[in-house]
Amino acid sequence: MTSSKPTPEEASGRPAAAGESLDFIREIVKADLASGKNGQRVATRFPPEPNGYLHIGHAKSICLNFGIAREFGGTCNLRFDDTNPTKEDVEYVDSIKEDIRWLGFEWSKELYASDYFGQLYDWAEHLIRAGKAYVDESDPDQIREMRGTLTEPGKPSPYRDRPAEESLALFRKMRAGELPDGAMVLRARVDMTSPNLNLRDPIMYRIRRAHHHRTGDAWCIYPMYDWAHGQSDSIEQITHSICTLEFENHRPLYDWFLDNLPAPSHPQQIEFARLNLTYTVMSKRKLLRLVQDRLVSGWDDPRMPTISGLRRRGFTAQSLRAFADRIGVAKRESIVDVALLEHCVREDLNASAPRVMAVLRPLRVVIENYPEDQTEELELPFHPDHPEMGTRKIPFSRELFIERDDFKEDPPKKFFRLAPGREVRLRGGYFIKCTGVVKDPATGEITELRCSYDPATRSGAAPDGRKVKVTIHWVSARHAVEAEVRVYDRLFTDPDPSDRDGKEFTSFLNPASLETLRACKLEPAASSAAPESRWQFERLGYFCADRRDSRPGALVFNRTVSLKDEWARISGADN
RNA sequence: UCCGACGUCGUCUAAUGGCAGGACAGGGGACUUUGGAUCCUCUAAUCGUGGUUCGAAUCCACGCGUCGGAACCA
């Protein structure tokens, strides 16, 4: 992050509390800064492999790496870890860049591990000459065999002690394309008996004739992660190389390479626990599976935990950053309750989203004592706490729509909404009383309510001081704007949808994770909703005009999250 | 089984040998022209056993549990 930003607190979205404690990584950075370890310099990097879309777990890492750079006046590079051309693609590079920017971060430099293929090759020769790397002609099965097991040490390859000159000549042949794919590999000569299997002569290069999205066909040998990552960090003079826990076992190798090379710097690798969230999956493999098997509509399906999916669902970048701040950073593996994420987006949208009324499941109401062709305009603020957001005009007429859920012919205890003979307030309008119920004689389904209104209660107050229990939302039938609303729920029914008990994670998919409602009625003020604009539909939740499918005249909204619902809680309903 | 890491309210996270605190979730209440928001309030935790210490979540020992590690993946 090179652009100047005000205060660390404001930049990170975290409250500026005095004496606030730092996470263990920031604690290390702070101490290193104080001791002058890296010459007062802080440099981090975010190193995605371009083989999938970023998800909210990556958002945690992005907020950490870019956040530290921002807070401590350092830099953060975006470096694509593109060492495996068979799995990587520019589509992913582009989506990753878009997602990071959308999240509110800008990298100091955009780099690629493939930028360093030349330097990496030279260093490999250096290691060979020093007797610390050798070309192994064993096949994959033999290598696996000789690696030993978790409890038994490995055995040296017959090629382990061959002269450096021989390895050098062979390595040059590998690089020159004179050998077929998989014929041999370059291995680091570390320790075949180490209890850490990563140190049992790890493979540095494999021969693979694959077209690389950046280097094209310039190379037919590609470096492995361990050989590329630390060296890339060193070249970029990264000070703190932050990664997730599964790389902890790789740290000794990370250090070994740098200790045995004339590398420009030796960054410190620090590991933290990756994010897990309830009711979703986070591994790229599983997300890819959902996409490929069309279990979702794509990487940006609003039910996906991808950054693009969350964005499309209506989550704000601010709410994701706030979430990252609240979950903290530690080494303990954990599963964060998705309710915390939902809380963060409600918190943000409650403050910023304009209010409007929408009826998702319309029930027609005829106000019998309201004149046939009369229309009046009522006025309501866009936000009850922010008058500066202005007001909107709401037409009122004899025929209205209300939410089906807001009426019960036989109301249970604590159901305060409309029922025969009962009076409620129409939001911003009049008190109405239900005087009759019209049903389809064939099915018994309620098709219409007959009501009367009290003209003295215009704008919602009764001159005689009488109270109503609740206020319900409504839309004038004649003036209603039609829209499609996609009501999303959790993608999985189980808080931990992992493969277990012989069942695949897909068996926990929630069949009701998407409900598409096509005849929803919106008040006219919502007709101008721009793609990706976010609204509160009063009493229902926060909704976002779909950035791909919504157009003026053919509006499509995604439900980001419902409002907290006391009645749902009491009645035990899901939403 | 070997190596490594990690065990604090239901969940996430603080404590840096000195009052176990915060957030989310949950309960109760106030207020309310959104059963929203807001405000008040309550419930709720140091894996176990020893040891060191005036004092241990923290240090030590031994257990127990969880996770990761045997791709020419990252």
Side-chain angles (χ1 to χ4, degrees), chain A residues 17 20-24 27 47-49 51 81 83-84 86-88 136 139-140 143-145 147-154 181-182 184-187 194-200 202-208 221-222 224-226 228-229 243-252 271 273 275 278 284-285 325-344 346-347 350-351 355 357 380 384-385 414-417 425-429 431 457 459-461 467-473 495 536-541 562-570:
Chain A
E20 188 194 347
S21 66
L22 301 175
D23 60 68
F24 81 101
E27 209 66 72
E49 183 189 12
N51 68 344
D81 222 330
T83 58
N84 186 357
T86 61
K87 289 187 178 172
E88 296 153 7
D136 194 337
D139 65 40
I143 287 179
R144 192 183 320 116
E145 189 95 357
R147 187 154 33 220
T149 68
L150 294 175
T151 50
E152 300 159 303
D181 282 13
M184 27 190 105
V185 292
L186 183 70
R187 288 231 256 171
S194 172
N196 182 340
L197 273 63
N198 295 119
L199 260 20
R200 319 242 263 228
I203 291 167
M204 295 166 63
Y205 278 99
R206 71 278 216 192
I207 306 173
R208 186 168 287 183
I221 57 171
Y222 289 96
M224 300 289 289
Y225 165 85
D226 286 306
H229 201 91
C243 61
T244 45
L245 247 29
E246 68 269 28
F247 294 102
E248 203 155 27
N249 294 328
H250 293 243
R251 183 161 20 103
E271 311 86 14
L275 171 66
T278 56
K284 279 191 187 176
R285 190 206 111 223
D325 273 338
R326 293 206 193 194
I327 59 176
V329 179
K331 294 197 76 160
R332 172 154 45 127
E333 307 198 39
S334 57
I335 305 179
V336 176
D337 191 339
V338 73
L340 180 58
L341 212 212
E342 292 170 350
H343 166 80
C344 289
R346 281 194 189 103
E347 180 178 61
N350 175 52
R355 272 61 167 167
M357 287 195 284
L380 229 41
D385 306 323
K414 292 197 176 174
F415 181 87
F416 302 145
R417 281 114 91 146
R425 172 167 38 233
L426 294 176
R427 172 73 162 147
F431 286 11
T457 57
S459 294
K467 303 283 189 200
V468 289
K469 277 285 214 182
V470 294
T471 300
I472 65 173
H473 59 279
Q536 184 195 98
F537 290 174
E538 294 203 44
R539 302 209 308 134
L540 296 176
S562 68
L563 245 31
K564 283 208 211 159
D565 186 343
E566 187 78 356
W567 169 243
R569 192 181 63 75
I570 294 167

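Numbers restart at 1 for each chain; the letters A, B, ... are given by sequence-line order, proteins then strands.
- Remark: P of B:G36 and CZ of A:Phe416 are 11 Å apart, rounded to the nearest angstrom.
- Of all nucleotides listed (B:C73, B:U34, B:C2), B:C2 comes nearest to the side chain of A:Pro195.
- Distance from the side chain of A:Asp385 is smallest for B:A37 among the nucleotides B:A37, B:A14, B:G4.
- Taking syn as a glycosidic angle within 90° of 0, B:A45 does not qualify and is anti.
- Not one N or O on the side chain of A:Ser562 forms a donor-acceptor pair closer than 3.5 Å with the backbone of A:Leu540.
- Atom P of nucleotide B:G36 and atom NE2 of A:His473 are separated by 15 Å, given to the nearest angstrom.
- Around atom NZ of A:Lys469, no more than 12 heavy atoms belonging to other residues, nucleotides or ligands sit under 6.0 Å away.
- Atom CZ of A:Arg200 and atom P of B:C72 are 13 Å apart (whole Å).
- Of the listed nucleotides (B:A74, B:G35, B:C73), B:C73 has the atom at the smallest distance from the side chain of A:Arg208.
- An OP1 or OP2 oxygen of B:U34 is reached within less than 4.0 angstrom by no side-chain nitrogen or oxygen of A:Arg355.
- Residue contacts shown for A:Pro384 include a base, since a base heavy atom lies under 4.0 Å away.
- When heavy atoms are screened at a 4.0 angstrom cut-off, A:His229 is found touching no nucleic acid atom at all.
- At a threshold of 4.5 Å between non-hydrogen side-chain atoms, the residues A:Pro202 and A:Arg187 do not count as touching.
- RNA chain B forms stems at B:2-7 with B:64-69, B:10-13 with B:21-24, B:26-30 with B:38-42, B:47-51 with B:59-63, each a run of 3 or more consecutive Watson-Crick or G-U wobble pairs whose two key distances fall under 3.5 Å.
- Residues A:Leu380 and A:Arg427 form a side-chain contact, since some pair of their non-hydrogen atoms from C-beta on lies under 4.5 Å apart.
- Distance check on atom C1': B:A14 versus B:U46 gives 12 Å, rounded to whole Å.
- Candidate nucleotides B:A14, B:C12, B:C73 were compared by shortest atom distance to the side chain of A:Ser21, and B:A14 ranks first.
- The residue A:Glu271 sits apart from the nucleic acid: no heavy atom pair falls under 4.0 Å.
- In this structure, A:Arg147 reaches the sugar-phosphate backbone alone: every heavy-atom distance under 4.0 Å involves primed, P, OP1 or OP2 atoms, never a base.
- Nucleotides B:A45 and B:C12, compared at atom C1', are 13 Å apart to the nearest Å.
- Residue A:Pro140 has its side chain nearest to B:C72 when only B:C72, B:C6, B:G36 are considered.
- The nucleotide whose nearest atom lies closest to any side-chain atom of A:Leu150 is, among B:U34, B:A70, B:C12, B:A70.
- On the P atoms, B:G68 is 26 Å away from B:A61, given to the nearest whole Å.
- At a threshold of 4.5 Å between non-hydrogen side-chain atoms, the residues A:Ile472 and A:Arg417 count as touching.
- In this structure, A:Phe431 reaches neither bases nor backbone, as no heavy-atom distance under 4.0 Å exists between it and the strands shown.
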*Criterion salt bridge (Lys or Arg N to Asp or Glu O under 4.0 Å) on A:Lys564 and A:Glu342, from CA distance to verdict*: CA-CA 10 Å; A:Lys564 283 208 211 159; A:Glu342 292 170 350; over 6 Å; no
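- Within the 3.5 Å criterion, the main-chain N or O of A:Val336 finds no donor-acceptor partner in the side chain of A:Ser334.
- At whole-Å resolution of the value, CG in A:Asp325 and P in B:A14 are 13 Å apart.
- Nucleotides B:U38 and B:A56 have their C1' atoms positioned 41 Å apart, rounded to a whole Å.
- Within the nucleic acid shown, A:Tyr205 has no heavy atom closer than 4.0 Å to any nucleic acid atom.
- Residue-level contact check: A:Ile335 touches the backbone only, with heavy atoms under 4.0 Å from sugar-phosphate atoms and none from bases.
- Between B:C47 and B:U41, the two C1' atoms lie 32 Å apart (nearest whole Å).
- The nucleotide whose nearest atom lies closest to any side-chain atom of A:Thr471 is, among B:U34, B:C72, B:A71, B:U34.
- Counting only heavy atoms from C-beta on, A:Tyr225 has its side chain closest to B:A74 among B:A70, B:A14, B:A74.
- Here A:Ala351 lies out of heavy-atom contact (under 4.0 Å) with every strand.
- The distance between atom CD1 of A:Ile143 and atom P of B:C73, rounded to the nearest whole Å, is 11 Å.
- Annotation: A:Glu246, atom CD; neighbour count of heavy atoms from other residues, nucleotides and ligands within 6.0 Å is above 12.
- Considering only the side chain of A:Glu248, B:A5 comes nearest among B:A5, B:A71, B:C67.
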*If the sugar-phosphate is the primed atoms plus P, OP1 and OP2 and the base is the rest, what is the B/S/- string for nucleotides 19-28 of chain B, using protein heavy atoms under 4.0 Å?*
----SSS-S-
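- The base of B:U34 sits within donor-acceptor range of the side chain of A:Gln536, with an N or O pair under 3.5 Å.
- In the set B:U34, B:G35, B:C72, the nucleotide with an atom closest to the side chain of A:Leu563 is B:U34.
- Comparing B:A15 with B:C40, their P atoms are spaced 26 Å from each other, to the whole Å.
- Between A:Tyr222 and A:Asn84, the closest side-chain pair of non-hydrogen atoms is not below 4.5 Å.
- For the pair A:Asp226 CG and B:G69 C1', the computed distance is 12 Å after rounding to whole Å.
- Residue A:Thr149 is classed as a base contact, given a heavy-atom separation below 4.0 Å to a base.
- Within the 3.5 Å criterion, the main-chain N or O of A:Gly154 finds no donor-acceptor partner in the side chain of A:Arg147.
- At least one donor-acceptor pair under 3.5 Å links the side chain of A:Asp565 to the backbone N or O of A:Ala568.
- Atom pair A:Met357:CE and B:G36:P shows a separation of 18 Å (rounding to whole Å applied).
- Across all strands shown, A:Lys284 has no heavy atoms under 4.0 Å from either base or sugar-phosphate atoms.
- In this structure, A:Arg206 and A:Ile221 have side chains that are not in contact, with every pair of non-hydrogen atoms separated by 4.5 Å or more.
- Counting heavy atoms from C-beta on, the side chains of A:Lys284 and A:Glu49 come closer than 4.5 Å.
- Classification of A:Lys414 and A:Glu566 as a salt-bridged pair fails, no side-chain N sitting under 4.0 Å from a carboxylate O.
- Among the atoms of the strands shown, only primed sugar atoms or phosphate atoms (P, OP1, OP2) are found under 4.0 Å from some heavy atom of A:Thr83.
- With the nearest nucleotide of RNA chain B identified for both A:Asn196 and A:Arg206, A:Asn196 has the one nearer the 5' end.
- The same atom, C1', is picked in B:G65 and in B:U49; the two are 15 Å apart, to the nearest Å.
- Of the C1' atoms belonging to B:A44 and B:C24, the separation is 13 Å, rounded to the nearest Å.
- A:His250 has its NE2 atom 18 Å from the P atom of B:C3, to the nearest Å.
- For the pair A:Arg251 and A:Arg417, both in contact range of RNA chain B, the more 5′-proximal nearest nucleotide belongs to A:Arg251.
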